[in-house]
Amino acid sequence: MAFDFIVTSLQQRRSDSLYRQRQSITALSATGITVEGRPYINFASNDYLGLAQSDQLKQAWQDATELWGVGSGASPLVTGYSAAHQALECRLAEYLQREAVLLFNSGFAANQAICQGLMAQGGYIIADKLSHASIIDGALASNGKLQRFAHNDVSHLQRLMNKSADNKLVVTEGVFSMDGDVSPLKQVSQCCADHNAWLMVDDAHGFGVLGEQGMGSAELQQLPQNQLPVLMATFGKAVGTAGAFVAGSQELVDYLVNSARHYIYSTHMPAAQAVATLASIELIRSQSWRRDKLRSNIEYFKTRANQLGIALMPSDTAIQPVMVGDPDRALQTSRALKQAGFWVTAIRYPTVPQGTERLRITLSAQHEVPALDELLIVLAKVVQHGD
Ligand SMILES: Cc1ncc(COP(=O)(O)O)c(C=O)c1O
């Protein structure tokens with residue numbers, strides 16, 4: 001029968017403990033989540049600064065709908081590109097000290113567009129082994145060849161760089177989404193310079209939280225445009241809205257406007273979303289207390305976890321995973337935490353390599369110490385004794 005594989009694939013996933021199910025959330029606050037009528041403390045969100053529920057941003061979005069309505073009505077090259085989108089692009093370019101910025105509806109689309117656009121004439125995409133699925137899929141769907149270097153291993157990257165191709169794009173993440181560690185961008189960018197390659201950084205989890213002004217890995221590691229020609233980040237995490245941007249040279253942006261199918265053939269994000277996103281970027285820059293609070297929560301969490309004998313992965317960011325090592329156990333520990341009132345996601349293959357299944361705990365500036373303490377006490381019990 002046609003498409004028989006659907007049933008067998010679902011059965012296989014169930015028997016491997018890899019079956020995915022959505023949970024319909026009925027209420028969401030900065031650190032709380034209600035699922036099927038039960039409230040939990042949320043340790044699974046990427047809303048690192050607590051901005052998704054900011055009254056100021058809600059108001060900015062609401063006010064903008066009075067002027068712009070709720071939808072953009074067309075793709076950007078038709079009539080979907082407004083002064084609101086332009087203002088966000090210009091402000092971001094100024095803050096990031098880039099010539100130009102281009103907005104995308106999602107980070108997934110932006111990564112696909114970059115990989116496919118820059119590999120139009122062939123070449124190599126040399127990506128960190130732990131790069132996000134959108135980068136890998138973008139590379140596989142491009143005219144380039146994909147090679148992967150061992151995670152954060154600059155000497156392995158160096159060995160892969162001896163290609164004669166004109167166009168080599170090295171891709172990595174500023175902060176790795178499932179591990180929380182950071183890329184040694186200075187060394188990676190030096191390696192690119194030595195081999196006439198371009199560096200692209202996906203800073204989905206660094207933008208907003210890293211750097212004095214919150215402008216992410218490029219600010220923290222002081223990488224100007226000539227050392228980091230393609231910077232991409234999303235708005236769906238610390239910024240608290242949705243969508244993404246690519247920042248780089250005016251030629252890069254003009255090229256994408258003229259060729260990126262994900263950009264040209266997709267209805268643009270609502271202008272009100274761009275207005276709220278810009279308001280968020282201004283808050284990110286001016287309210288450094290949010291980053292300070294997040295940092296202090298991270299430090300507290302790590303110190304207490306250590307005292308309680310909980311083995312965390314080596315991360316100094318808001319992403320604090322606990323390795324569990326197999327999918328069944330990841331589900332069981334996540335369920336045990338839920339029973340105790342904490343929402344923590346079990347991350348399984350193929351999101352992470354087989355055998356590295358984990359709990360992905362994410363911290364926010366909105367968490368308070370008592371909640372961290374409560375989680376850690378339950379976590380110690382669940383992880384160490386398997387209760
Ligand atoms: C590293 C990374 N890149 C890209 C994306 C995709 O971004 P978006 O959710 O805006 O599609 C995500 C997660 O969603 C991510 O974690």
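On a predicted model such as this, the values are computed, not experimentally measured, just so you know. Just so you know, ligand 1 is whichever comes first in the structure, and atom 1 is the first atom listed for that ligand.
- Remark: ligand 1 and Ala204 share no N or O pair separated by less than 3.5 Å (distance only, no angle test).
- Taking atom 5 (C) of ligand 1 as the reference point, the nearest protein heavy-atom neighbour is His132 CE1, 3.4 Å.
- Partner of Phe245 under the ring-ring contact (aromatic ring centres under 6.0 Å, His included) criterion, chosen from Tyr263, Phe235, Phe104: Phe235.
- Listed by atom number, the atoms of ligand 1 under 4.0 Å from Ser134 heavy atoms are 4 (C).
- Considering backbone and side-chain atoms together, Thr234 places no N or O closer than 3.5 Å to any N or O of ligand 1.
- Classification of the His151-Phe176 ring pair by plane angle, with boundaries at 30° and 60°, yields perpendicular.
- Under the 4.5 Å side-chain criterion, counting only non-hydrogen atoms from C-beta, Tyr81 is in contact with Gln86.
- Using a 4.5 Å cut-off on side-chain heavy atoms (C-beta onward), Tyr349 and Asp16 make no contact.
- For Arg159, the side-chain contact (heavy atoms from CB on, under 4.5 Å) partners at least two apart in sequence or on another chain are Ser155, His156.
- Residue Ser106 has at least one heavy-atom neighbour below 4.0 Å for each of these atoms of ligand 1: 10 (O), 11 (O).
- Here Ile135 has no heavy atoms under 4.0 Å from ligand 1, in either its backbone or its side chain.
- Looking at Arg335 and Thr333, their side chains never bring a donor and an acceptor atom within 3.5 Å of each other.
- Listed by atom number, the atoms of ligand 1 under 4.0 Å from Glu173 heavy atoms are 1 (C).
- With atom 3 (N) of ligand 1 as the reference point, the heavy atom nearest to it among Thr241, Val175, Asp202, Asn105 is part of Asp202.
- Of all atoms in ligand 1, listed by their number and element, those nearer than 4.0 Å to a heavy atom of Asn111 are 3 (N), 4 (C).
- In terms of polar-atom proximity, Lys237 is counted as a contact of ligand 1, with an N or O under 3.5 Å from an N or O of the ligand.
- Because its NZ or CZ atom is not both nearer than 6.0 Å to the ring centre of Tyr19 and within 45° of the ring axis, Arg13 does not count as a cation-pi partner of that residue.
- Given atom 16 (O) of ligand 1, the protein heavy atom at minimum distance is His205 NE2, 2.7 Å.
- Here the protein heavy atom with the shortest distance to atom 6 (C) of ligand 1 is Phe108 N, 3.6 Å.
- Near Ser177, with a cut-off below 4.0 Å to any heavy atom, the atoms of ligand 1 are 16 (O).
- If you check which protein heavy atom lies closest to atom 8 (P) of ligand 1, you get Gly107 N, 3.3 Å.
- Put simply, the side chain of Thr351 never gets that close to the backbone of Ile347: no donor and acceptor are under 3.5 Å apart.
- In terms of polar-atom proximity, Ala244 is not counted as a contact of ligand 1, lacking any N or O under 3.5 Å from an N or O of the ligand.
- Using a 3.5 Å distance cut-off with no hydrogens or angles, the side chains of His367 and Asn297 do not pair a donor with an acceptor.
- The side-chain tip of Lys145 points at the ring of Tyr124 from less than 6.0 angstrom away and within 45° of straight on.
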